[in-house]
Amino acid sequence: MSGRILTRTNPSTLKQCLTRIPALARSTRAAAPQASLFTFRSPLEAPTDKLYEGHIPISPLQRTILAVGSAFTALANPLRGDMVAALGETTSGIFLNRIRDQMLQDPEGRRILRERPVITSETMQLDTLRQLPDGSFGREYVRFLDDQQVSPDTREPVHFVDSEELAYVMQRYRETHDFYHTLTGLPVTVDGEIALKWFEMTQTGLPMTMLSSFFGPLRLSSEERERLFNVYVPWALENGSTSKLLMNVRWEEWMEKSVEDVQQELGVRPCPQV
C-alpha cells in the first residue's frame, strides 16, 4: 500500500464541521452595539466576502477549531487528504507570506506570481511528456504519476486562506509536490514521504510539514524509523537548506531537461538509495 499523504478529497466534511458556529456568530452580531469609529468583529463572526472561487470565509474561532480538529484527524489518519489540506490552510498564514516574499525577490518567482500558471493534465500535456526520452524530467515525472495512478487534476483546491494571492501560493505548493518526488528520488513509502516533509519543512517552514515531520515517525516500524533518521533526515536537512527555493521554479519549462541536469541546477543531491 502506498504511503503517500494525499490532499485529494471532497471538502464536504469540512463544511459540516463548521455549520453550528455561524448561528452563534449571528446572535453575537445582533447583541453587539454599533461602533461609531471602529468596527469590532467577534471571534465568532466570519467574513462575508468570498475572495476567490472556492473560498470559504471562516471566523477566528472556526479557524482554531478546524486547525485543532484537522491536526488530530490527520495524525490519526494521514490519508485523510481533506484534513491534511485544512490543517495546512488554517495554520500557514505568516509562512505563506514569507514564501510569497521570497518569491517576489526572485525573477522566476515574480513571474510565477504574475502569470499564476496551474498544473493540470491539460497544461502539462501528459501524453506529450510520455514521448520524451527516458531520464528526462518530464518522462520521469509522468512515469511517477502513472505508477502511482494519480493525476495533477485531483489536488484539493484551497478554501480557507483569506487572501487570493496567498491562496495561489498554497495551491502552487500542492500542485508542485509530485515534481519533488521526481527531483529527489525519494521512494513512495511512508518513511520516504515523511522524509520529503522534512525537506519541505526546511524549505518552507509550513506548520503542516512540521507536524508530519515530528509526529509521522511514530507510525513507523523500528527499522523504518532507523532508516529515516540515519539516512533520509540528514539528507533532507542538508539539501532542503542549500538548494534553490523550489517555489521559484517554473517546472513546466524544465520537462525536456535530464533529471541529473535539473538536480544539478537546483542544487539537489538525489537521496541515498537504501
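In what follows, every heavy atom counts, from backbone to side chain, and hydrogens, waters and symmetry copies are set aside.
Atom CD of E164 and atom NZ of K50 lie 14.5 Å apart (nearest 0.5 Å). The CG atom of L113 sits 11.0 Å away from the CD atom of E108 when rounded to the nearest 0.5 Å. Between atom CD of residue Q102 and atom OG1 of residue T204 there is a gap of 9.0 Å, rounded to the nearest 0.5 Å. Considering CG of L104 and CD1 of I112, their distance stands at 11.0 Å, rounded to 0.5 Å. Separation of atoms CZ (R110) and CG (D106) is listed at 7.0 Å; rounding is to 0.5 Å.
Not a single donor-acceptor pair under 3.5 Å links the side chain of E224 to the backbone N or O of D191. A donor-acceptor pair under 3.5 Å links the side-chain atoms of S136 to the main chain of R139, judged by distance alone. Side-chain atoms of E89 come within 3.5 Å of backbone N or O of F160 as a donor-acceptor pair. At least one donor-acceptor pair closer than 3.5 Å links the side chain of S59 to the backbone N or O of Q62. Between the side chain of R250 and the main chain of P117, no donor-acceptor pair closer than 3.5 Å is present. A donor-acceptor pair under 3.5 Å is formed between the side chain of R155 and the backbone N or O of R174.
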Residue pair V249, F179: steps toward the side-chain contact (heavy atoms from CB on, under 4.5 Å) verdict: CA-CA 10 Å; V249 177; F179 294 126; over 6 Å; no
Y52/E165 under side-chain contact (heavy atoms from CB on, under 4.5 Å): CA gap, chis, key distance, verdict: CA-CA 9 Å; Y52 51 88; E165 184 176 48; over 6 Å; no
Test log, rule side-chain hydrogen bond (donor to acceptor under 3.5 Å, both in side chains), inputs S243 and Q203: CA-CA 9 Å; S243 61; Q203 283 245 320; 3.0 Å; yes
Stepwise salt bridge (charged side-chain N to carboxylate O under 4.0 Å, His left out) test for D101 and R98: CA-CA 5 Å; D101 292 345; R98 186 175 67 180; over 6 Å; no
F214 vs M201, side-chain contact (heavy atoms from CB on, under 4.5 Å): CA-CA, chis, key distance, verdict: CA-CA 10 Å; F214 296 146; M201 178 186 70; 4.1 Å; yes
Audit row: L211, L87, side-chain contact (heavy atoms from CB on, under 4.5 Å) steps and yes/no: CA-CA 10 Å; L211 187 73; L87 176 64; 3.1 Å; yes
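A donor atom on one side chain and an acceptor atom on the other are found under 3.5 Å apart for T123 and T120. A donor-acceptor contact under 3.5 angstrom links the side chains of E200 and H177, judged on distance only.
R172 places a side-chain heavy atom less than 4.5 Å from the side chain of I119. Considering only heavy atoms from C-beta on, F144 comes within 4.5 Å of V188 through its side chain. Using a 4.5 Å cut-off on side-chain heavy atoms (C-beta onward), V161 and L96 make contact. At a threshold of 4.5 Å between non-hydrogen side-chain atoms, the residues F137 and D261 do not count as touching. By the 4.5 Å heavy-atom criterion applied to side chains, F229 and W198 are counted as neighbours. Within the 4.5 Å cutoff, side-chain heavy atoms of L206 are placed close to those of I99. Side-chain contact check for L166 versus N97: some heavy-atom pair is nearer than 4.5 Å. Counting only heavy atoms from C-beta outward, the side chains of L145 and Y141 approach each other to under 4.5 Å.
Between D146 and R143 no salt bridge is recorded (no basic side-chain N to carboxylate O distance below 4.0 Å). Using a 4.0 Å cut-off between a side-chain N of Lys or Arg and a carboxylate O of Asp or Glu, E253 and R111 qualify as a salt bridge.
In this structure, G109 and N248 approach most closely via the heavy-atom pair CA-OD1, 3.2 Å. Here the shortest heavy-atom pairing between P187 and C271 reads CD-SG, 4.5 Å. Counting all heavy atoms, side chain and backbone alike, H181 lies closest to L196 at NE2-CD2, 3.4 Å. For the pair K197 and T209, the tightest heavy-atom approach, listed with the atom from each and the gap, is O-CB, 3.7 Å. Contact record, L132 with M255: CD1-O, 3.7 Å, taken as the closest heavy-atom pair. Nearest heavy atom pair, residue D162 against residue R63, reads OD2-NH2, 2.8 Å.
In this structure, W254 is not a member of the same hydrophobic cluster as V118, with clusters built from ILVMFWY side-chain heavy atoms closer than 4.5 Å.
Counting non-hydrogen atoms of other residues, nucleotides and ligands closer than 6.0 Å to CD of E115 gives a total above 12.
Results of the side-chain contact (heavy atoms from CB on, under 4.5 Å) test with P217 over V233, V190, I194 single out I194 as the only residue that passes.
Relative ring orientation between Y180 and W251 is described as tilted, the plane-to-plane angle lying within the 30° to 60° band.
Applying the ring pair (Phe, Tyr, Trp, His ring centres under 6.0 Å) test to W235 and every residue at least two apart in sequence or in another chain returns F199.
Residue pairs that meet the side-chain hydrogen bond (donor to acceptor under 3.5 Å, both in side chains) test with at least one member in residues 263-274, sequence neighbours left out, are E238-R269, K257-E265.
Taking Ile, Leu, Val, Met, Phe, Trp and Tyr as members and joining any whose side-chain heavy atoms lie under 4.5 Å apart, directly or through other members, the hydrophobic cluster of F72 also contains V68.
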